[in-house]
Every structure is written in structure tokens, then in C-alpha cells.
Engineer: 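This is the structure, below, for whatever I ask next.
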Amino acid sequence: MKWDPQLYLKFSDHRDRPYFDLTGRVFADSPRKVVDLGCGPGNLTKTLAERWPEAQVFGLDSSPEMVAKARHSFSDIENLSFDVVDANAWLPDSDVDGVVSNAMLQWIPGHADLMAKWLDHLTEGAWFAVQIPGNFGAQSHVIMHDLAESPRWRPLVSGVLRHKDVVHQPDEYLHLLRNHGMTADVWETTYSHILPANKERHPVLEWTRGTTLRPLMAAFQKLEESGQLPEGMGYETYESEYEHHLKDAYPLDPKTGEAVFFFRRIFVVGQKN
Ligand SMILES: C[S@@+](CC[C@H](N)C(=O)[O-])C[C@H]1O[C@@H](n2cnc3c(N)ncnc32)[C@H](O)[C@@H]1O
């Protein structure tokens with residue numbers, strides 16, 4: 001699956017805020033090594049390098065496009081570097097005393113087991129801070145999912161989208177932390193994003209094109225490349241049907257063309273005892 005850093009950064013004002021709400025609850029004074037897992041285009045990882053100039057900060061991401069963008073943007077910051085790494089294969093070494101991950105774990109089914117492994121490897125005093133979108137019940141997701149699983153589209157893209165049980169409830173993350181020798185500071189916030197008017201497409205579609213729709217785009221492209229796409233059943237058709245439903249679910253402000261987009265996120269912060 002390919003990411004488009006430019007499109008992802010389009011809503012950076014809205015997408016950045018949870019990162020600061022998350023890292024605002026990390027009270028490390030002088031960490032040596034801090035890792036940002038699923039760092040994306042690196043604009044937020046950079047703020048960790050600025051906050052802790054004595055620390056070595058590493059942004060890791062499985063997307064070569066994201067890492068290339070991060071390296072290109074921030075190669076001049078000495079204590080900051082980026083690498084292509086799959087979080088599934090990563091473990092903290094004993095020097096790591098800060099782990100941050102913002103909006104990545106929802107992409108990893110079974111991530112509670114992975115988190116447990118990371119927590120077991122953290123050394124005393126190390127901080128752990130992750131934010132996981134918990135909005136699989138939002139209309140933007142439900143419509144996308146139901147459409148993909150409808151009789152019309154199911155033969156092409158059934159099972160491509162992640163299921164809502166990929167993300168756990170806040171209390172489950174809280175117990176996970178406490179059961180692995182961590183303090184636990186767990187909460188959830190529903191942000192109300194006012195998305196700006198967009199001349200080309202519905203603002204919520206513009207948002208989801210940067211993230212949730214990416215696996216569908218990749219699946220349609222694969223079908224097209226292998227000649228398995230029936231006439232008139234390409235990604236563009238799926239997207240315009242999706243947009244049609246979004247217009248009802250997220251009516252535009254008649255004066256400004258803005259859309260109100262509610263987004264629930266779960267925050268999990270702890271320090272190793
Ligand atoms: C929604 S973006 C979040 C980017 C950044 N953390 C931010 O807050 O702006 C999710 C990122 O997670 C990365 N990602 C998804 N699965 C991953 C994995 N298994 N290992 C590492 N990175 C992963 C994606 O490539 C993408 O850059």
C-alpha cells in the first residue's frame with residue numbers, strides 16, 4: 001500500500017493536535033534515545049528532537065515514501081534520523097527510554113500482543129505513549145466498509161478494509177499497561193474537526209483519501225494491473241458512490257461549504273516502574 005505524504009499533510013493542523021496532547025503527558029527530562037514508530041512524514045517527530053536536543057531521536061516507518069519525505073525535509077537536524085522499519089519486527093533495545101507512536105497501531109491487527117512485547121522490553125523509567133484512532137464506528141468508516149462489502153463491490157474488494165475490532169477499548173489498554181509493570185494514563189477524546197470547503201470533492205472524502213481509503217486504492221490498482229477490473233468498476237466509480245453517501249452523512253454548511261467531522265482517539269501513556 002502506497003502513502004501520499006503530500007495529501008496526508010494537507011490536514012496537518014487537525015492531525016497534529018493529538019500528537020501534542022499525547023506527548024504533553026510524557027514527563028521525561030533528558031531521555032537518551034527516543035523512537036517514533038510510524039513517524040509518517042516526520043514533521044511531528046521533529047518536535048521531539050527539538051524538545052530533547054540531547055537525545056537521539058529516530059523516526060521509523062514501513063512506508064519508503066514517508067521516510068523519503070521525512071529525510072528530505074529534516075536532514076539538517078543533527079539528533080534526528082529516519083529509517084524504513086516494519087514495527088512488527090521492531091523491539092526496543094536497552095537504550096530506548098522513550099517510545100512514541102501516533103496513529104499507527106490501528107494499521108496492525110493483533111497490536112496488543114506487539115505492545116505487550118515492547119512493554120516487556122522497556123527498561124525502568126522508560127516512557128511509552130501511543131495514540132490510536134477509535135473511530136471505526138464513524139459514518140466515514142461505516143459507509144466505506146458497507147459499500148465495499150455490498151453485493152456490487154464485494155466480489156472485488158471484500159476484506160480489504162480493516163475491521164473495527166482491530167482497535168481495543170481504553171480500559172483494555174489500561175490493563176495491558178498495568179499488567180506489564182507500567183504506570184497508566186489512558187483517556188479518549190473526540191475532536192470536532194471543521195474541515196474547509198473543497199472545490200473538487202467532499203471535505204471528508206479529501207480527508208479519507210489521505211488515510212483510510214489507501215488500502216482500497218491499492219487493491220483497485222492491483223486488480224487493474226492484472227486485468228481483472230470489469231469495465232466501469234474502477235476506484236473512481238467506488239469513490240463517487242462513497243462520496244454520494246458522505247454528502248448525506250456530513251451535510252455541508254450552506255454558507256461556508258465546511259463539514260464537521262467528529263473523530264474519536266484513544267491515548268495510552270505510561271512509564272516503566
Ligand atoms: C496515519 S499515519 C501517522 C503518521 C504520523 N505518526 C503522524 O501522526 O502524522 C500512519 C503511519 O503508520 C505507518 N505504518 C503503518 N503500518 C506500519 C508498520 N507496520 N510499521 C511501521 N509503520 C507503519 C504508515 O506508513 C504511516 O506513515
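Sequence positions, counted from 1, serve as the residue numbers for this chain. Atoms within each ligand, like the ligands themselves, are counted from 1 in listed order.
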Engineer: Go through ligand 1 atom by atom and flag the ones less than 4.0 Å from a non-hydrogen atom of Ile108.
Structural biologist: 19 (N)
Engineer: At a 4.0 Å threshold, what atoms of ligand 1 neighbour a non-hydrogen atom of Asn88?
Structural biologist: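 Answer for ligand 1: 19 (N).
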Engineer: So if I count the atoms of ligand 1 from 1 in the order they appear, which ones are less than 4.0 Å from some heavy atom of Ser63?
Structural biologist: 25 (O)
Engineer: Checking contacts here: is it the side chain or the backbone of Asp36 that comes within 4.0 Å of ligand 1, counting heavy atoms only? Could be both or neither.
Structural biologist: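 It is neither part, as no heavy atom is under 4.0 Å.
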Engineer: Check for a donor-acceptor pair, side chain of Asp253 on one end and backbone N or O of Glu258 on the other, with a separation under 3.5 Å.
Structural biologist: no
Engineer: For His14, does the NE2 atom have more than 12 heavy-atom neighbours from other residues, nucleotides or ligands under 6.0 Å away?
Structural biologist: yes
Engineer: Show me which atoms of ligand 1 lie under 4.0 Å from any heavy atom of Asp86.
Structural biologist: 18 (C), 19 (N), 20 (N)
Engineer: If hydrogens are left out, which of Ala89, Ala103, Gly38, Pro41 has an atom nearest to atom 5 (C) of ligand 1, that is, the closest non-hydrogen atom?
Structural biologist: Gly38
Engineer: Side chain, backbone, both or neither: which applies to Cys39 and ligand 1 if a contact is any heavy-atom pair less than 4.0 Å apart?
Structural biologist: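 The answer is the backbone of Cys39.
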Engineer: Please list, in number order, the atoms of ligand 1 under 4.0 Å from a heavy atom of Val85.
Structural biologist: 20 (N), 21 (C)
Engineer: Closest non-hydrogen protein atom to atom 25 (O) of ligand 1, residue and atom name please, with distance?
Structural biologist: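 Of every protein heavy atom, Asp61 OD1, 2.6 Å lies nearest to atom 25 (O) of ligand 1.
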Engineer: What atoms in ligand 1 come closer than 4.0 Å to a heavy atom of Leu44?
Structural biologist: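 Counting atoms of ligand 1 from 1, those under 4.0 Å from Leu44 are 7 (C), 8 (O), 9 (O).
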Engineer: May I ask you to decide if the ring planes of Phe74 and Phe82 are parallel, tilted or perpendicular, using 30° and 60° as cut-offs?
Structural biologist: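 The arrangement is tilted - the two ring planes meet at 30° to 60°.
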Engineer: Within 45 degrees of the ring normal and closer than 6.0 Å to the centroid, is that where the cationic atom of Lys33 sits relative to Phe58?
Structural biologist: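 Judged by the rule (NZ or CZ under 6.0 Å from the ring centre, within 45° of its axis), Lys33 counts as positioned above Phe58.
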Engineer: Starting from atom 17 (C) of ligand 1, locate the nearest protein heavy atom and write down its residue, its atom name and how far away it is, to 0.1 Å.
Structural biologist: Ser62 OG, 3.2 Å
Engineer: Would you say that more than 12 heavy atoms from the other residues, nucleotides or ligands in this model lie under 6.0 Å from the CZ of Arg178, or not?
Structural biologist: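 Count not over threshold, so no.
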Engineer: So, Arg201 and Glu243, do they make that salt bridge, N to O below 4.0 Å?
Structural biologist: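 Salt bridge absent between Arg201 and Glu243.
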Engineer: For Glu224, I'd like to know if atom CD has over 12 heavy atoms of other residues, nucleotides or ligands within 6.0 Å.
Structural biologist: no
Engineer: Are Leu156 and Tyr238 packed together at the side-chain level, in the sense that at least one heavy-atom pair is separated by less than 4.5 angstrom?
Structural biologist: no
Engineer: Does an N or O anywhere in Ala87 fall below 3.5 Å from an N or O of ligand 1?
Structural biologist: yes
Engineer: Does at least one non-hydrogen atom of Met66 fall below 4.0 angstrom from an atom of ligand 1?
Structural biologist: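 Judged by the 4.0 Å heavy-atom criterion, Met66 does count as contacting ligand 1.
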Engineer: Can you confirm if the aromatic rings of Trp107 and Trp3 lie within a centre distance of less than 6.0 Å?
Structural biologist: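 That pair passes the under 6.0 Å test.
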Engineer: Among Phe136, Tyr191, Trp207, find the one that has a ring pair (Phe, Tyr, Trp, His ring centres under 6.0 Å) with Phe263.
Structural biologist: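 The single option meeting the ring pair (Phe, Tyr, Trp, His ring centres under 6.0 Å) with Phe263 is Trp207.
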Engineer: For atom 8 (O) of ligand 1, what's the nearest protein heavy atom and its distance?
Structural biologist: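 Checking every protein heavy atom, the shortest distance to atom 8 (O) of ligand 1 gives Asn102 ND2, 2.7 Å.
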Engineer: Looking only at protein heavy atoms, which one is nearest to atom 12 (O) of ligand 1, and how far off is it?
Structural biologist: Met104 CG, 3.5 Å
Engineer: Starting from atom 7 (C) of ligand 1, which protein heavy atom do you reach first, and at what distance in Å?
Structural biologist: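 Looking at atom 7 (C) of ligand 1, the protein heavy atom closest to it is Tyr8 OH, 3.4 Å.
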